[in-house]
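Working notes, structure below.
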Amino acid sequence: DAGVIQSPRHEVTEMGQEVTLRCKPISGHNSLFWYRQTMMRGLELLIYFNNNVPIDDSGMPEDRFSAKMPNASFSTLKIQPSEPRDSAVYFCASSLRQSSTDTQYFGPGTRLTVL
Amino acid sequence: GNSVTQMEGPVTLSEEAFLTINCTYTATGYPSLFWYVQYPGEGLQLLLKATKADDKGSNKGFEATYRKETTSFHLEKGSVQVSDSAVYFCALGLNRDDKIIFGKGTRLHILP
């Protein structure tokens with residue numbers, strides 16, 4: 001079975017540009033999570049969806065960040081405009097929500113560099 | 001609030017040494033506890049979990065026991081290998097929502 005798929009794997013862009021990160025969760029999973037990982041701040045939960053509905057976006061740093069999940073098999077995280085401090089590895093994870101004991105399955109991540 | 005505290009790294013050991021990575025938690029209610037591992041260049045993957053007090057999770061020679069009295073979930077392995085070099089994350093999950101709260105991670109280096 002395919003795991004969580006993220007694209008692109010690497011993105012280099014210039015400050016002020018729009019960046020779109022994409023995620024395809026594991027088929028049949030109904031919860032999807034976006035995380036950001038940096039050396040300074042560690043792993044941060046940005047937003048998560050259940051059945052395509054955003055449940056908690058309190059981790060989204062500011063209005064420049066937005067996330068959508070138009071259907072059960074696709075989600076995007078958009079940064080507009082991007083800034084150098086957004087440079088990080090962004091992970092998408094999915095799970096089959098039955099309880100909090102459910103395992104989250106992580107994608108390989110997108111390494112974003114904003115110059 | 002709910003939180004996880006784990007020992008800071010990096011931890012450097014020789015191959016075949018005994019490993020302990022300490023983890024303590026603060027939570028309301030009765031959380032589930034996890035250890036995730038991140039190998040270089042990859043996403044996190046579940047290593048083991050325990051869902052109630054006194055449960056022991058185990059996988060790939062790693063073990064951790066859910067200790068409610070000390071609010072701890074320490075990770076142990078009797079004989080580490082070079083291939084165990086990675087970052088290890090302790091985490092907790094609360095039954096009322098989907099979120100998992102991760103610790104800051106402990107980087108482990110195993111020398112041959």
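Please read all numbers here as calculations on a predicted model, not as lab measurements. So you know, we letter chains A, B, ... as the sequences are listed, proteins then strands, and number each from 1.
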query: Relative to chain B, which segment of A:Arg111 carries a heavy atom at a distance below 4.5 Å: side chain, backbone, both, or neither?
result: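 Neither part.
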
query: If we only count heavy atoms from C-beta on, is the A:Gln37 to B:Gln38 side-chain gap below 4.5 Å?
result: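 With C-beta onward as the side chain, the pair touches.
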
Rounded to the nearest 0.5 Å, what's the gap from [atom1] on [X] to [atom2] on [Y]? Could you check?
| X | Y | atom1 | atom2 | value |
| --- | --- | --- | --- | --- |
| B:Lys99 | A:Ser58 | NZ | OG | 5.0 Å |
| B:Tyr36 | A:Leu43 | OH | CG | 10.5 Å |
| A:Leu45 | B:Ile100 | CG | CD1 | 10.0 Å |

Does [atom1] in [X] sit with more than 12 non-hydrogen atoms of other residues, nucleotides or ligands closer than 6.0 Å?
| X | atom1 | result |
| --- | --- | --- |
| B:Glu16 | CD | no |
| A:Glu83 | CD | yes |
| B:Glu76 | CD | yes |
| A:Asn71 | CG | yes |

Same apolar cluster: B:Leu92 and B:Phe62, side chain cutoff 4.5 Å: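 Hydrophobic grouping puts B:Leu92 with B:Phe62.
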
